[in-house]
Amino acid sequence: EFGYAALHDAPLDRTGLGGSLTGFFLGFSGTEFAQVLRASPAGGSVYAATGSSASIAAGRLSYTLGLHGPCVSYDTACSAALAAGHAGLRALQLAECGVGLVVGVTLMLAPGVGTSFAVAGMTSARGRSHTFDERADGYARGEACGGVALRGLNDGAMLELCGSAVRQDGRSASLTAPNGQAQQGLLVAALQDASVSIDMLALNEAHGTGTALGDPIEAGSLVGAVLSARAEALAVGGVKANIGHAEPAAGMTGLLKLALGLRAGKAAPNAQLRLLNPHIGDTLRAVAGALSVQLAVVTMGSSGGGVSSFGYSGTIAHA
């Protein structure tokens with residue numbers, strides 16, 4: 001439903017999509033609905049397999065609309081939506097499709113995953129993602145579903161996805177620990193792919209889960225790759241403090257927030273930011289970074305912005 005809504009907003013008419021090389025790229029993780037099905041009378045239904053399959057989650061929309069373009073589900077944990085967007089952008093650039101529909105989705109249908117994350121200390125005991133704040137003690141889980149339709153160049157779109165990059169943390173302190181050096185390289189690679197200079201950026205949507213370890217590392221990466229070479233302050237924000245961490249759909253929530261900010265020429269305030277994490281304050285000292293706590297008008301320049309999404313599997317993405 002959200003995928004079709006994105007196509008409709010493009011605007012693309014359903015009658016003209018059948019047989020077209022329209023691609024569908026889905027950021028998706030886990031099949032909790034399969035657990036729900038198994039515990040219900042529908043568990044033995046002929047539809048149980050197709051109703052809980054990651055591949056069918058993407059294939060169903062292509063089937064319904066008769067799309068002939070690429071159709072893939074991506075699971076890179078919390079970076080899945082932006083990894084799917086990266087694939088959609090590349091498919092457009094390589095003329096593998098004329099339109100690339102990118103969707104990110106996550107729903108919490110069973111308690112098991114949330115319980116395991118809490119036991120591991122990944123989620124906040126306070127029940128909030130205190131992004132950039134000294135109270136940061138983990139993230140709050142959130143649900144989301146959203147999509148965007150990517151079209152070819154010069155199609156009159158208000159916003160253009162100029163470039164992106166997907167990389168891996170490689171070796172770090174642990175399997176799920178972030179790697180600042182890899183993040184910095186990712187940001188540089190995405191800017192180069194987009195042919196965008198750091199001075200053309202007005203907004204940056206951080207991954208910003210609200211963890212005591214992750215937020216300072218991300219701030220340091222942003223300083224090294226972008227902020228240290230800028231004269232004008234770059235507005236930095238994180239939507240997870242508002243709606244929680246949507247995990248595989250997180251990159252889509254960040255991308256949509258970024259798009260709204262660029263259209264309005266405004267930086268949304270950072271919710272839950274009361275007292276800056278001192279490690280982040282030390283990192284940002286003497287560089288051009290702005291963590292707004294009130295709605296702020298930004299100098300648009302070329303109206304550019306970036307969004308990051310980092311998976312706990314180590315796969316990291318920036319667009």
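Keep in mind that what you see is a predicted model, and the values were worked out from it rather than measured.
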Take Ser29 and Glu247 through the side-chain contact (heavy atoms from CB on, under 4.5 Å) test and state the conclusion after the steps. CA-CA 8 Å; Ser29 180; Glu247 295 167 350; over 6 Å; no

Nearest atoms (heavy-atom pairs only) where [X] meets [Y]:
X      : Y      : value
Ile280 : Phe132 : CD1-CA, 3.6 Å
Thr106 : Ala246 : CG2-O, 2.8 Å
Ala6   : Ala149 : O-CB, 3.9 Å
Val226 : Leu201 : CG1-CD1, 4.2 Å
Gly138 : Ser124 : O-CB, 3.4 Å
Leu203 : Leu258 : CB-CD1, 3.7 Å

Kindly indicate, with the supporting measurements, whether the criterion side-chain contact (heavy atoms from CB on, under 4.5 Å) is fulfilled by Gln183 and Ile217. CA-CA 9 Å; Gln183 290 179 13; Ile217 290 177; 4.1 Å; yes

Tell me whether [X] shares a hydrophobic cluster with [Y], the cluster being built from Ile, Leu, Val, Met, Phe, Trp, Tyr side chains joined at under 4.5 Å.
X      : Y      : value
Leu159 : Val298 : yes
Tyr4   : Val105 : yes
Leu12  : Phe24  : yes
Phe2   : Leu109 : no
Leu256 : Leu150 : yes

Roughly how far apart are [X] [atom1] and [Y] [atom2], rounded to 0.5 Å?
X      : Y      : atom1 : atom2 : result
Arg126 : Gln272 : CZ    : CD    : 11.0 Å
Leu284 : Leu222 : CG    : CG    : 8.0 Å
Leu37  : Ser52  : CG    : OG    : 5.5 Å
Leu186 : Asn179 : CG    : CG    : 11.0 Å
Thr22  : Arg151 : OG1   : CZ    : 9.5 Å
Cys97  : Leu67  : SG    : CG    : 10.5 Å

Does some side-chain heavy atom of [Y] sit less than 4.5 Å from a side-chain heavy atom of [X]?
X      : Y      : result
Val103 : Phe25  : no
Arg230 : Asp199 : yes
Asn277 : Pro216 : yes
Ser79  : Thr76  : yes
Glu205 : Val239 : yes
Ser292 : Val236 : no
His68  : Ser20  : no
Arg90  : Gln93  : yes

Are the side chain of [X] and the backbone of [Y] linked by a donor-acceptor contact shorter than 3.5 Å?
X      : Y      : value
Ser172 : Ala177 : yes
His318 : Val307 : yes
Thr50  : Tyr47  : yes
Asp133 : Arg135 : yes
Gln168 : Ile316 : no
Thr315 : Gly311 : no
Asn270 : Thr131 : no
Thr209 : Tyr139 : no
Ser129 : Ala140 : yes
Glu160 : Cys162 : no

Ionic contact status for Arg128 with Asp137, cut-off 4.0 Å: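 Between Arg128 and Asp137 there is no salt bridge, as every charged N stays at least 4.0 Å from the carboxylate O atoms.
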
Kindly assign one of parallel, tilted or perpendicular to the pair His207 and Phe310, based on the angle between their ring planes and the thresholds 30° and 60°. tilted

Can you tell me if [atom1] on [X] sees more than 12 non-hydrogen neighbours from other groups inside 6.0 Å?
X      : atom1 : answer
Arg274 : CZ    : yes
Phe28  : CZ    : yes
Glu143 : CD    : yes

Per the side-chain contact (heavy atoms from CB on, under 4.5 Å) rule, which among Gln35, Arg141, Met108 passes with Val113? Arg141

Test side-chain contact (heavy atoms from CB on, under 4.5 Å) on Ser164 and Leu82; report intermediate values, then the result. CA-CA 9 Å; Ser164 68; Leu82 284 194; over 6 Å; no

Show, in sequence, the C-alpha distance, side-chain angles and deciding distance for Phe117 and Tyr312, and conclude whether the ring pair (Phe, Tyr, Trp, His ring centres under 6.0 Å) test is met. CA-CA 11 Å; Phe117 285 175; Tyr312 80 153; 5.8 Å; yes

CA sep, side-chain torsions, deciding dist, call: Leu191, Ile198, side-chain contact (heavy atoms from CB on, under 4.5 Å): CA-CA 8 Å; Leu191 287 166; Ile198 57 174; 3.7 Å; yes

